[in-house]
S.K.: 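Please read through the structure below; I'll follow up with questions.
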Amino acid sequence: MVRLSSFLLKTYHGGHIVIRLAMAGHKQSNRPFYRIVAAYNKRARDSKYIEQLGSYDPLPNIYNEKLVSFNSDRIKYWMGCGAHPTKPVAKLLGLAGFFPLHPMTVTEAERRRAMAEQAEGAAPEEVVKQQEL
Amino acid sequence: LSLMALRLRLKNSFCHSFDAPVLTSSISEVINLFLGSPDAHVKPQFLDSEVQDILTRITGLNLEKVFRPIKQELKPPKYKLMTDAQLEEATQSAREQAQRLLKMPPVLPERKPINDVLSEDKILEGMDTAKYVFTDITFNIPHRERFIVIREPTGTLRKASWEERDRILQVYFPKEGRRLTAPPVFKEENLKVVFGQDRHEDMLDLCQVQFEPDSSEYIRVHAATYEDLEKMGKYDLLRSTRHFGGLVWYLVNARRVDGLMIDMLQKDLLQDAVSLVGLFNKVHPHSETAQEASSQQAYGLDLLKIYAKRESQRAGYVELALQAYEQTSAESTV
């Protein structure tokens with residue numbers, strides 16, 4: 001498939017640019033940390049990128065916050081050059097209000113609520129059963 | 001005056017640039033233009049040029065105190081051989097540097113809390129157990145205009161409150177000396193201990209580094225420091241520092257200038273005392289002192305006498321000090 005966005009770039013690389021999450025930090029620790037990055041599509045996930053546009057910390061801190069930062073100015077530039085955001089990046093930016101809300105975010109929220117209700121429905125039944133026993 | 005101390009101070013001075021917007025030289029003049037009539041009085045603000053002039057004059061310029069050695073890593077001293085003319089130049093540049101170091105930090109009204117909700121999405125409820133904090137890291141925006149929004153687990157997208165903003169800006173754009181959580185020195189009990197050790201100036205410097213000028217913590221700590229200084233009468237601690245203007249402004253607004261007045265008279269600083277009363281009259285023009293002074297066109301010692309008669313709560317002390325000053329000046333001239 002010929003991606004027309006490649007022709008908007010200054011040099012032709014034979015691939016297109018994506019805005020995606022790349023894992024930063026060293027792979028030994030049990031501590032993921034992502035960078036929001038503009039990179040060529042064919043490159044490895046963590047290898048050389050064109051520009052770093054922000055960061056995302058998936059583990060919440062002591063105030064129960066997940067810190068996300070993004071450089072809106074540069075993201076607009078790269079989107080103008082024809083970069084494609086990946087699904088997780090689109091979800092994050094949708095939650096931020098920078099993009100419209102991603103439909104999968106809504107679906108995931110609904111699924112979580114269904115699971116939570118099922119768990120609540122199961123737990124009182126178990127309690128009742130134990131009492132009977 | 002040691003050049004070494006000068007050099008070290010220049011290198012390691014905490015020159016924090018304040019993000020307050022650029023204000024005209026006299027805000028009251030601008031407001032007067034808007035109000036139309038020049039008679040309608042607008043309260044002089046801290047940053048008016050006249051007020052700042054008076055406050056800088058009262059602060060004084062004690063070079064020895066401004067450039068006293070601050071705690072830094074030990075380096076061997078550097079000695080320079082200079083002619084008299086070069087020494088003059090060095091002293092002059094030291095004076096200019098001291099004036100820059102004595103630039104007063106702004107006194108701003110307390111900031112109003114932010115309660116903006118950008119969107120309420122009930123469909124997103126229960127999407128996650130943690131909040132998401134989104135910061136815009138674009139380089140060229142001033143910190144006050146940056147977008148910092150929070151998506152709660154309930155689905156509401158709201159702007160971050162001031163305390164959260166300060167913390168998050170410190171994460172992404174760290175300022176030297178500022179910590180993410182305020183040091184426990186700023187609690188009431190610990191403040192008292194520090195004041196007992198006479199370290200008000202260090203306290204105020206630390207407060208300057210840690211908090212924004214219009215945050216409630218900053219105002220609270222400054223108020224506590226000024227109260228303690230006024231109670232103990234230790235105005236000399238702040239005399240040649242950049243916090244003196246703030247102290248005087250606080251006292252003038254609270255109308256409790258007596259202690260400072262007596263202190264000045266005891267130290268034979270007549271000019272300072274006169275400018276202090278002048279400032280008081282400007283800020284409270286409807287008080288008895290101001291009206292009498294304007295009707296009589298009083299200057300110098302007369303101003304002080306009017307103040308002692310009309311306004312001061314400790315009139316006895318002030319008049320005693322005035323008499324003592326007059327006696328000493330008469331003796332010295334005779």
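Below, chain A is the first sequence line, B the second, and so on; all start at residue 1.
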S.K.: Partners of A160(B) by side-chain contact (heavy atoms from CB on, under 4.5 Å), sequence neighbours excluded?
M.R.: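 Here the qualifying residues are I148(B), I150(B), E164(B), R165(B).
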S.K.: Begin from the C-alpha positions of R167(B) and E65(A) and carry the test salt bridge (charged side-chain N to carboxylate O under 4.0 Å, His left out) through to its verdict.
M.R.: CA-CA 12 Å; R167(B) 190 167 35 95; E65(A) 299 162 345; 3.1 Å; yes
S.K.: Which region of N140(B), side chain (C-beta onward) or backbone (N, CA, C, O), has a non-hydrogen atom less than 4.5 Å from a non-hydrogen atom of chain A, or is it both or neither?
M.R.: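 N140(B) has no heavy atom closer than 4.5 Å to chain A.
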S.K.: For E108(A), is it the side chain, the backbone, both, or neither that has a heavy atom closer than 4.5 Å to a heavy atom of chain B?
M.R.: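 When you check distances to chain B, no heavy atom of E108(A) falls under 4.5 Å.
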S.K.: Which atom names give the shortest non-hydrogen contact between G126(B) and R112(A), and what distance separates them?
M.R.: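 Residues G126(B) and R112(A), closest heavy atoms: O-CD, 3.4 Å.
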S.K.: Can you list the residues that meet the side-chain hydrogen bond (donor to acceptor under 3.5 Å, both in side chains) rule with E188(B), with sequence neighbours excluded?
M.R.: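 E188(B) satisfies side-chain hydrogen bond (donor to acceptor under 3.5 Å, both in side chains) with R220(B) only.
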S.K.: Quick check on F147(B): does its CZ atom have over 12 non-hydrogen neighbours (other residues, nucleotides or ligands) under 6.0 Å away?
M.R.: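 Not more than 12 within 6.0 Å, no.
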S.K.: How many angstroms lie between atom CG of N71(A) and atom OG1 of T138(B), to the nearest 0.5 angstrom?
M.R.: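 Going from CG on N71(A) over to OG1 on T138(B), the span is 4.5 Å.
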S.K.: How far does CG of N64(A) sit from OG1 of T129(B), to the nearest 0.5 angstrom?
M.R.: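 Between N64(A) CG and T129(B) OG1, I get 6.0 Å after rounding to 0.5 Å.
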S.K.: At a 4.5 Å cut-off on heavy atoms, which part of L92(A) comes close to chain B: side chain, backbone, both, or neither?
M.R.: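 Both parts, backbone and side chain.
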S.K.: Assess the residue pair T135(B) and V68(A) against the criterion (side chain to side chain contact (heavy atoms under 4.5 Å, CB included)); give the C-alpha distance rounded to whole Å, side-chain angles, the decisive distance to 0.1 Å, and a yes or no.
M.R.: CA-CA 6 Å; T135(B) 329; V68(A) 181; over 6 Å; no
S.K.: Using side chain to side chain contact (heavy atoms under 4.5 Å, CB included), reason through L124(B) and L101(A) one step at a time and then give a plain yes or no.
M.R.: CA-CA 10 Å; L124(B) 285 183; L101(A) 252 199; 3.9 Å; yes
S.K.: Considering residues, nucleotides and ligands other than M115(A), do more than 12 of their heavy atoms fall under 6.0 Å from its CE?
M.R.: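 At most 12 heavy atoms, drawn from other residues, nucleotides or ligands, come within 6.0 Å of this atom.
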S.K.: Should we say atom NZ of K159(B) is surrounded by more than 12 heavy atoms from elsewhere, each under 6.0 Å from it?
M.R.: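 Open: at most 12 neighbouring heavy atoms sit under 6.0 Å from NZ of K159(B).
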S.K.: Answer whether the closest heavy-atom distance between the side chains of Y172(B) and L67(A) falls below 4.5 Å.
M.R.: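 Answer yes - side chains close enough.
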S.K.: Measure the spacing between OH of Y56(A) and OH of Y132(B) and express it to the nearest 0.5 Å.
M.R.: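 If we round to the nearest 0.5 Å, Y56(A):OH and Y132(B):OH are 4.0 Å apart.
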S.K.: Measure Y63(A) against the heavy atoms of chain B and call it side chain, backbone, both or neither at under 4.5 Å.
M.R.: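 Backbone plus side chain of Y63(A), per the 4.5 Å heavy-atom cut-off to chain B.
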S.K.: Do you know which of L95(A), I75(A), N61(A) has the most heavy-atom pairs with chain B at a distance under 4.5 angstrom?
M.R.: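 Among L95(A), I75(A), N61(A), the one with the most close pairs to chain B is L95(A).
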S.K.: Is I123(B) close to chain A through its backbone or its side chain, or both, or neither, when contacts mean heavy atoms under 4.5 Å?
M.R.: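 The answer is both parts of I123(B).
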S.K.: Who wins among A109(A), P60(A), S72(A), A96(A) for the most heavy-atom pairs under 4.5 Å with chain B?
M.R.: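 Looking at each option in turn, the highest pair count goes to A96(A).
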S.K.: Looking at K131(B), M127(B), E125(B), which has the largest count of heavy-atom pairs under 4.5 Å with chain A?
M.R.: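 Result: the option with the highest number of such pairs is K131(B).
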S.K.: Hey, does the Lys NZ or Arg CZ of R74(A) hover above the aromatic six-ring of F139(B), less than 6.0 Å from the centre and inside 45° of the axis?
M.R.: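 No, R74(A) does not sit over the ring of F139(B).
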S.K.: Measure the CZ-CG distance between F70(A) and D136(B) for me, rounded to the nearest 0.5 Å.
M.R.: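 Taking CZ in F70(A) and CG in D136(B), the distance rounds to 5.5 Å.
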